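Reading through the structure tokens given below for one structure.
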Protein chains: 2
Amino acid sequence: MQGRGRWFHGRIRGCGYRLTLPRMKIVEVLNSSKGHLSAEEVFLKVHQIYPAVGLTTIYRTLEMLVASGIVGKINAGDGKARYEFKKTPEEDPHFHLICKKCGNIINVEANKELDKHINKVKEEYIKNYEFKVDNLQLRFYGLCKNCK
Amino acid sequence: MQGRGRWFHGRIRGCGYRLTLPRMKIVEVLNSSKGHLSAEEVFLKVHQIYPAVGLTTIYRTLEMLVASGIVGKINAGDGKARYEFKKTPEEDPHFHLICKKCGNIINVEANKELDKHINKVKEEYIKNYEFKVDNLQLRFYGLCKNCK
DNA sequence: TTGTTAATGACAATCGTTTTCAATAAGGAG
DNA sequence: CTCCTTATTGAAAACGATTGTCATTAACAA
Ligand SMILES: [Mn+2]
Ligand SMILES: [Mn+2]
Ligand SMILES: [Zn+2]
Ligand SMILES: [Zn+2]
């Protein structure tokens, strides 16, 4: 959990970025949080353990982490982007249930069967449209347990 | 193409909304446009055939049309919402290829097999998470023919 | 330790969208 | 058809998330 847990440090350096204090605090907060945080929410959490941080740095660092493949970014439709730490350096494909009422986002595991079929049409699209697919998102909009 | 082509008029009235001139112009533009238009783009097109229209009305009407199930709204991640006329009053499930570079959005038809499997996990999620699913989106991000 | 330069944070600016409010027009009642 | 109520409109201001600017700071290679 010491060296292995910090794979993202190497990744940051590897992408040519400097390993700064604000960046470590931000990635630490993301790592120890579950769920999908907005920039504002990340700012508030980081501010508690590192009050000197500025909101601008939060935005810049989050984009850097997305570019480095360390965090994922999703735009659920409520005007603000949300960020989520990736547990593994590899792709961690999972889908989302998004509540239209309260905005809550639930992670759901990717189903093997479904995954296979999605990949099949993916290959199809790549051929038919000459479209290079980097990543995909499957989301279900509706009402969560509490809101319906 | 006269009476049948205007199913949305009845839909608008049926939802308790008044059938106004700006609304008819807006829906007319959406109906005769292909692709996914931003509010700004809709405004520009409507402005050509009805210069008195205001951008505010575009936003309000688009939301109204989405609420009435006449147009679909998607948020591809570039900060601006995009709107698309529905060909049929029923659900018209199709997926999207979204170019990360130029922002182009390509419609792709839903595959029967895939559809079946998505519905299966959907039922699963509804049970396991007590989540009421209204609609779903499957999108593939990457680079389009021109951009790669 | 030092020098170069990327990264930082305060602040202003931008951009899509929403709110406000007085004027207008849809459309039901008579 | 005319009148009245009230939803709808457009201009302008307000808003909220994100990005740009710029002088100061701190990583880290040498
Ligand atoms: Mn997630
Ligand atoms: Mn579409
Ligand atoms: Zn909810
Ligand atoms: Zn492209």
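Given the structure is predicted, the values throughout are model-derived calculations rather than measurements. Scope of the values below: all heavy atoms of this structure, side chains included, with no hydrogens, waters or symmetry mates.
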The nucleotide from D:dT18, D:dG10, C:dG27 with an atom nearest the side chain of B:R13 is C:dG27

How close or far is atom C1' of D:dT18 from atom CG of B:D78, stated in whole angstroms?
13 Å

Please tell me if B:Y59 has a side-chain N or O lying less than 4.0 Å from either OP1 or OP2 of C:dT17.
yes

Once you round it to whole Å, what is the distance between C1' of C:dG16 and CG of A:N75?
12 Å

Quick one: does B:K87's side chain have a donor or acceptor within less than 3.5 Å of a partner on B:F85's backbone?
yes

Test log, rule ring-ring contact (aromatic ring centres under 6.0 Å, His included), inputs B:Y125 and A:F140:
CA-CA 9 Å; B:Y125 296 154; A:F140 300 83; 5.3 Å; yes

Looking only at side-chain atoms of A:Y17, point me to the closest of D:dA29, C:dA7, D:dA17.
C:dA7

Side-chain touch A:E63/A:Y83, heavy atoms, less than 4.5 angstrom
yes

Euclidean distance, atom CG of residue B:L21 to atom C1' of C:dT24 [Å, nearest integer]:
13 Å

Could you state the CG-P distance from A:L19 to D:dA29, rounded to the nearest angstrom?
11 Å

Provide, to the nearest angstrom, the distance between the CG atom belonging to B:L37 and the C1' atom belonging to C:dG16.
16 Å

With distance as the sole criterion, do the side chain of A:R60 and the base of D:dG20 form a donor-acceptor contact below 3.5 Å?
no

Is the backbone N or O of B:I70 less than 3.5 Å from a side-chain atom of B:S68, with the two atoms forming a donor-acceptor pair by type?
no

Rounded to whole Å, the CG-P distance (B:L62 to C:dG16) equals 15 Å

Residue closer to the 5' end of DNA chain C, B:E63 versus A:G16 (nearest nucleotide)
A:G16

If only side-chain N and O atoms of B:T20 are considered, is one of them under 4.0 Å from the OP1 or OP2 phosphate oxygen of D:dT9?
yes

Does a side-chain N or O of A:T57 approach OP1 or OP2 of C:dG9 to a distance below 4.0 Å, or not?
yes

Figure out the NZ/P separation between B:K80 and D:dT19, and round it to whole Å.
13 Å

Mind checking B:Y83 for me? I need base, sugar-phosphate or nothing, with any heavy atom below 4.0 Å counting as a touch.
nothing

Between B:R23 and B:T56, which is nearer to the 5' end of DNA chain D once each is assigned its nearest nucleotide?
B:R23

Between CD1 of A:I26 and P of C:dG9 the distance, given in whole Å, is 8 Å

Short side-chain to backbone donor-acceptor contact, A:K148 and B:E130, under 3.5 Å
yes

Between A:R18 and B:G54, who's closer to the 5' end of DNA chain D by nearest nucleotide?
B:G54

